[in-house]
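Note sheet for the following structure.
We're numbering straight along the sequence, starting at 1.
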Amino acid sequence: MRPDPLAEAAARRHELTRSRAVQALRELDRSGARVTFADVARSAGFSELKMIIDIDRLVAGFRTHG
(Lines give C-alpha, C1' and ligand atoms only; values in the text may rest on other atoms or scores of the structure.)
Protein backbone atom coordinates (compact mmCIF):
# COMPACT_ATOMS: atom_id res chain seq x y z
CA MET A 1 0.00 0.00 0.00
CA ARG A 2 1.34 3.44 -0.95
CA PRO A 3 1.79 6.04 1.77
CA ASP A 4 -0.82 8.79 1.84
CA PRO A 5 0.84 11.93 0.41
CA LEU A 6 -1.54 14.25 2.28
CA ALA A 7 -0.80 12.57 5.60
CA GLU A 8 2.93 12.76 4.87
CA ALA A 9 2.68 16.47 4.02
CA ALA A 10 0.69 17.15 7.21
CA ALA A 11 3.28 15.29 9.28
CA ARG A 12 6.10 17.34 7.69
CA ARG A 13 4.23 20.60 8.35
CA HIS A 14 3.62 19.60 11.96
CA GLU A 15 7.28 18.71 12.50
CA LEU A 16 8.40 22.00 10.96
CA THR A 17 5.97 23.93 13.17
CA ARG A 18 7.09 22.03 16.25
CA SER A 19 10.77 22.50 15.57
CA ARG A 20 10.33 26.23 14.88
CA ALA A 21 8.35 26.65 18.11
CA VAL A 22 10.91 24.70 20.15
CA GLN A 23 13.77 26.75 18.71
CA ALA A 24 11.94 30.02 19.35
CA LEU A 25 11.14 28.99 22.92
CA ARG A 26 14.76 28.05 23.60
CA GLU A 27 16.05 31.36 22.23
CA LEU A 28 13.50 33.39 24.19
CA ASP A 29 14.18 31.41 27.36
CA ARG A 30 17.91 32.10 27.06
CA SER A 31 17.16 35.81 27.04
CA GLY A 32 15.74 35.45 30.56
CA ALA A 33 12.62 37.44 29.73
CA ARG A 34 9.05 36.35 30.43
CA VAL A 35 7.81 34.25 27.51
CA THR A 36 4.23 34.29 26.16
CA PHE A 37 2.40 32.44 23.38
CA ALA A 38 2.55 35.61 21.33
CA ASP A 39 6.32 35.88 21.82
CA VAL A 40 6.94 32.29 20.74
CA ALA A 41 4.57 32.54 17.78
CA ARG A 42 6.10 35.83 16.60
CA SER A 43 9.62 34.50 16.93
CA ALA A 44 8.72 31.23 15.17
CA GLY A 45 6.95 33.06 12.36
CA PHE A 46 3.39 31.90 12.80
CA SER A 47 0.20 33.10 14.44
CA GLU A 48 -0.70 32.90 18.10
CA LEU A 49 -3.87 31.12 16.98
CA LYS A 50 -1.74 28.34 15.46
CA MET A 51 0.06 28.01 18.80
CA ILE A 52 -3.28 27.69 20.60
CA ILE A 53 -4.73 25.22 18.10
CA ASP A 54 -1.62 23.02 18.12
CA ILE A 55 -0.74 23.41 21.80
CA ASP A 56 -1.17 19.75 22.76
CA ARG A 57 1.15 18.57 20.00
CA LEU A 58 3.62 21.39 20.60
CA VAL A 59 3.79 20.72 24.35
CA ALA A 60 4.37 17.03 23.65
CA GLY A 61 7.19 18.08 21.33
CA PHE A 62 8.72 20.35 23.95
CA ARG A 63 8.67 17.53 26.49
CA THR A 64 10.12 14.97 24.10
CA HIS A 65 12.80 17.14 22.53
CA GLY A 66 13.22 19.79 25.22
Side-chain angles (χ1 to χ4, degrees):
M1 178 178 228
R2 284 184 58 193
D4 179 6
L6 292 177
E8 289 177 347
R12 281 192 304 273
R13 275 192 319 274
H14 166 68
E15 179 55 28
L16 178 61
T17 297
R18 188 207 60 78
S19 65
R20 286 169 50 194
V22 168
Q23 183 64 32
L25 182 59
R26 285 181 179 155
E27 290 172 6
L28 291 165
D29 185 51
R30 274 194 292 266
S31 75
R34 186 178 70 114
V35 178
T36 66
F37 274 160
D39 296 332
V40 175
R42 191 177 315 105
S43 183
F46 46 81
S47 71
E48 188 175 351
L49 179 60
K50 181 157 186 60
M51 288 281 298
I52 293 167
I53 290 170
D54 289 342
I55 191 63
D56 291 336
R57 289 183 288 174
L58 292 171
V59 167
F62 291 145
R63 288 184 181 146
T64 327
H65 301 300

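The side chain to side chain donor-acceptor pair (under 3.5 Å) search around Glu48 returns none, not counting sequence neighbours. Ala9 meets the side chain to side chain contact (heavy atoms under 4.5 Å, CB included) test with Arg12, Arg13; sequence neighbours excluded. For Arg34, the side chain to side chain contact (heavy atoms under 4.5 Å, CB included) partners at least two apart in sequence or on another chain are Thr36. Partners of Leu49 according to the side chain to side chain contact (heavy atoms under 4.5 Å, CB included) rule, which considers only residues two or more places apart in sequence or in another chain, are Ser47, Ile53.
Within the 4.5 Å cutoff, side-chain heavy atoms of Glu15 are placed close to those of Arg18.
Minimum interatomic distance between Arg20 and Ala44 (heavy atoms only, all atoms of both residues): NH2-O, 2.7 Å. Closest heavy-atom contact between Ala21 and Val40: O-CG1, 3.8 Å.
A side-chain donor-acceptor contact under 3.5 Å links Ser19 to the backbone of Leu16.
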Give the C-alpha distance, both sets of side-chain angles, the deciding distance and a yes or no for salt bridge (Lys or Arg N to Asp or Glu O under 4.0 Å) between Asp29 and Arg26.
-> CA-CA 5 Å; Asp29 185 51; Arg26 285 181 179 155; over 6 Å; no
